[in-house]
Amino acid sequence: MNKPTDLARIPVDHDDIDTNVSSNEHFSTVLEARLSRRSLLRGGAATAASALLGAIGLSGCGGSDNDIVTAPTPPATSNPPPTERLLGFGAVSKSLADTVVVPAGYTATVLYALGDPLSANTAAYKNDGTDGDFENRAGDHHDGMEFFPLSATGGASTSVSDRGLLAMNHEATTDEKLSSFFVHANGGTMTLPRPALEVDKEMALHGLSVVEVRLSGGKWAYQKDSSFNRRVHQQTEVELSGPVRGNALVVTKYSSNGTRIRGTLNNCGTGKTPWNTYLSGEENWAGYFTRAAGDDAARGDKSVASLNRYGRSQGASSRHGWETGGPEDKYQRWDISKKGASLDGSDDYRNEMNGMGYIVEMDAYDKTRAIKKRTALGRFAHESAVFGKPVVGQPLAVYMGDDSRNEYIFKFVSNALWSAADATPADRIATGDKYLDSGKLYVAKFAADGSGQWIELSISNPAIAAYAGYRFADQADVLVNARLAGDAVGATKMDRPEWCSVHPGTGEIYFTLTNNSNRRVEPGSASQAAPDAANPRVYTDMKGSSAQQGNPNGHIIRVKEGSAGSTATGFTWDVYLFGAESGAPAGTVNLSGLTADQDFSSPDGLAFSPSTGICWIQTDDGAYTDVTNCMMLAGVPGRVGDGKKVTLNYPRANGSTLSVDTYVGAAATADTLKRFLVGPVGSEITGIAETPDGKALFVNIQHPGETTAAGNIADPGKYTSQWPANAGYGAGRRPRSATIVITKNDGGRIGT
């Protein structure tokens, strides 16, 4: 049995994972590292916080409905901006306050929080750790979400803006070592074995929810007694669909024919299909499983290489110790050691992890339809899945990122050609079968000249068929082990590809690359990677006295497909924005020329508004949080190639200088990029959805107060955040992940 001390080694940031030790070629280029010493630019954190709060004059709006702080109204001018000018709001200043800050003229209201009941007979949430029945409550760590309009008769719609369904991911739980401590009365059990009741609660907190929301009397509210409300958790049956369905790699004790699995896990980014269904990405699922110390020898086959590549080496401890909850099958599935005598795995859970790591499709409107994992889109640490612009008579393209350090960007192209009639089908899940169960999966390789290529991941590709690192058996094996297939063809290692979105005007595809602490000018280990044109920065960023190396602030890359559109195998690219503090060196770090109204770090969530075309950028940061809490910015991008080529230089240890050419988009201006929102202490800003008219924007505030230590659970005064309780929402004082809805006071579209 694994010891508690083993589990304590798991990093706090479960997203910052690196299992790619392949020797894929990188560009032999480097840049000059410069120290960005914030301590020379400003005083200590406490002094900065006092100066900031005094400067922006934060004050509450009062009342539980107006529970978000707004920035002060800018002084009147003789030439007020036009009503519909994009980014016409006043930029929000950086903030360390335990609240949500939005621009003057906007109101943000807490709508739906951890523990909120989803049925009329579920008790109100007490928020003291004694609550149960989370199968009928909002889950934890609200993440990606989509809005599905409801007609007056309760049918599917694409145009209604005052009633709809929010389909939402519940990624994880706020934990300290083992326990998800805010949801347990005493902080939970920190040693193994874990009590069954605690494990049951935590398993139910993960997954998806569907909740009806309505605008009535000028206020949005969720409907706790709606027949549409739904929770998907770790006991919910989900079908495997596509090429992996029925394959030997997904045979388990639960599903001896390899067609189903329980639950969906660590769901992060989302997507919406052209036929109006919900897509959810399974991200860092590997950490929930454990393997015995002698499991490599027990297996004695190629599955060992696969498990190591996906982050489950033998002896690996699980994140929460769910496998110790008891002898029942629902607990034992989290131990993926080979225990049975069967050849196919039908008497144990050695293959259980192969059923995780996919894009999941759900019909938010219809509880009776199966939830399906679309295996043709590959298995990795999925974030969002976004469709290219549909063109009648052409295949559909779906773009995805693998969120771990040094992982890859992918594209799926359907075999089926798009038909306009499928935008409003009678059976939405059957339409998903048509477009998402057969097609081609590609991985991206970026070149130093600003071009790139999509390489098909096919068993017929000689580089894959003859790959020495892993012997692929068939196409299902390629999809289950898409990372290894990417290794085989020499895909470009990226700086944690997270969300992606397609520009509604240009059709260009934008990918957030959150950060990468393993970039090095001269890599010293297999887990490190040299800089290249698409991931060009290597520098040291100072957070107080702590030196953060690699690419601590991240960037956003964008891709323009070739003339063949969705089926193109060639593309061009540039970097839309480089995250950086405004005072960082302009020639090596702050390459986008960010000002104090624009600077940010670690871009994560990303979505274009279908209404306004604004690009919303959200952060999940630890590098800049001594200066500001995480934030959301609004951008109005140009297009690939609107900037310039930049050459970055760095001296090698042997005295020579290496150079890297990269391509930087047009510099940000006050008219093209502004900070729109700053969240409470310890939170990540994530999840973006809006009504069809663009007048209500839904945003998720994830894990406020996550830096609170488990030993402080009994003393609310020691919580690093008390949001949203401190804003008048709900009972208790423990921080809760929650969805807010933002509206403009004059009734206009958000961001104008």
Side-chain angles (χ1 to χ4, degrees), residues 4 7-8 10-17 112-116 125 127-144 168-190 192 194-209 231-236 263-268 280 282-289 317-325 330-331 334 356 620 682-684 686-687 700-710 712-713 719-721 723-724 732 734-739:
L7 290 140
I10 298 172
V12 172
D13 184 357
H14 300 300
D15 290 337
D16 192 7
I17 295 173
Y112 175 64
L114 161 67
D116 280 346
Y125 193 57
N127 195 25
D128 60 2
T130 65
D131 298 282
D133 193 22
F134 277 93
E135 293 84 357
N136 294 301
R137 298 182 182 277
D140 202 356
H141 281 213
H142 298 41
D143 208 308
M168 186 181 307
N169 290 343
H170 296 289
E171 182 183 16
T173 55
T174 302
D175 58 280
E176 177 73 16
K177 295 182 180 178
L178 287 173
S179 175
S180 303
F181 59 98
F182 279 129
V183 298
H184 301 305
N186 61 355
T189 304
M190 299 296 178
L192 298 178
R194 298 288 312 285
L197 289 176
E198 290 186 4
V199 174
D200 290 344
K201 183 183 290 191
E202 292 169 11
M203 287 194 294
L205 286 164
H206 291 69
L208 316 175
S209 68
R231 273 303 317 280
V232 176
H233 48 77
Q234 302 319 302
Q235 309 311 318
T236 305
T264 177
L265 189 63
N266 210 252
N267 303 78
C268 194
S280 173
E282 297 181 315
E283 191 195 4
N284 291 320
W285 32 271
Y288 291 83
F289 297 93
S317 303
S318 65
R319 185 177 299 177
H320 296 299
W322 288 350
E323 73 282 356
T324 69
K330 64 181 178 179
Y331 308 122
W334 305 106
M356 295 291 181
D620 178 14
S683 69
E684 170 188 347
T686 184
N700 281 328
I701 308 298
Q702 187 184 101
H703 60 63
E706 74 164 346
T707 53
T708 302
N712 293 327
I713 195 69
Y719 299 167
T720 56
S721 173
W723 189 90
R734 299 184 181 202
R736 302 160 67 184
S737 294
T739 303

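All values below come from the heavy atoms of this structure, side chains included, with hydrogens, waters and symmetry mates left out.
Proximity of Phe182 to Thr708: side-chain heavy atoms (C-beta onward) are separated by under 4.5 Å at one or more points. In this structure, Arg734 and Val183 have side chains that are not in contact, with every pair of non-hydrogen atoms separated by 4.5 Å or more. Side-chain contact check for Tyr112 versus Asn700: every heavy-atom pair is 4.5 Å or farther apart. With contacts defined as side-chain heavy-atom distances shorter than 4.5 Å, the pair Tyr331/Thr324 does not qualify. For the pair Ser180 and Glu198, the minimum side-chain heavy-atom distance is 4.5 Å or more. Counting only heavy atoms from C-beta outward, the side chains of Val199 and His320 never approach each other to under 4.5 Å.
With respect to Asp116, the salt bridge (Lys or Arg N to Asp or Glu O under 4.0 Å) criterion is satisfied by exactly one of Arg736, Arg137, Arg231: Arg736. When the options Leu208, Asn267, Asn169 are evaluated for a side-chain contact (heavy atoms from CB on, under 4.5 Å) with Val232, the one that passes is Leu208.
Within the model, atoms OG of Ser209 and CG of Asp140 stand 11.5 Å from one another, a figure rounded to the nearest 0.5 Å. Atom CG in Asn712 sits 9.5 Å away from atom CD in Glu176 (nearest 0.5 Å). Between the OG1 atom of Thr264 and the CD atom of Glu282 there is a distance of 3.5 Å, given to the nearest 0.5 Å. Going from atom OG1 of Thr189 over to atom NE2 of His184 covers 7.5 Å, rounded to the nearest 0.5 Å. From Asn266, atom CG reaches atom CZ of Arg319 across 5.5 Å, with rounding to the nearest 0.5 Å. For the atom pair Glu706 CD and Thr173 OG1, the distance stands at 11.0 Å (nearest 0.5 Å).
Nearest heavy atoms, Lys201 versus Asp131: NZ-O, 2.8 Å. Closest heavy-atom contact between Leu114 and Phe134: CD1-CE2, 4.0 Å. Across all their heavy atoms, Pro735 and Gly705 have their closest contact at CG-CA, 4.4 Å. For the residue pair Gln235 and Lys330, the shortest heavy atom distance occurs at OE1-CB, 3.6 Å. Heavy-atom minimum distance, Thr174 versus His141: OG1-NE2, 2.9 Å. The two residues Met190 and Ala710 have their closest heavy-atom pair at CE-CB, 3.3 Å.
Using the six-membered ring where Trp is involved, His142 and His170 have ring planes that are perpendicular, over 60° apart on the 30 and 60° scheme.
Trp322 pairs by the side chain to side chain donor-acceptor pair (under 3.5 Å) definition with Glu202, not counting sequence neighbours. Applying the side chain to side chain donor-acceptor pair (under 3.5 Å) criterion to His233, with sequence neighbours excluded, gives no partner residue. Scanning for side chain to side chain contact (heavy atoms under 4.5 Å, CB included) contacts around Asn136 gives Ser119, Thr122, Asp133, with sequence neighbours left out.
Remark: the backbone N or O of Gly187 is paired with a side-chain donor or acceptor of Ser179 at under 3.5 angstrom.
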- Query: Stepwise, does the side-chain contact (heavy atoms from CB on, under 4.5 Å) test hold for Tyr288 with Gln234?
  - Reply: CA-CA 12 Å; Tyr288 291 83; Gln234 302 319 302; over 6 Å; no
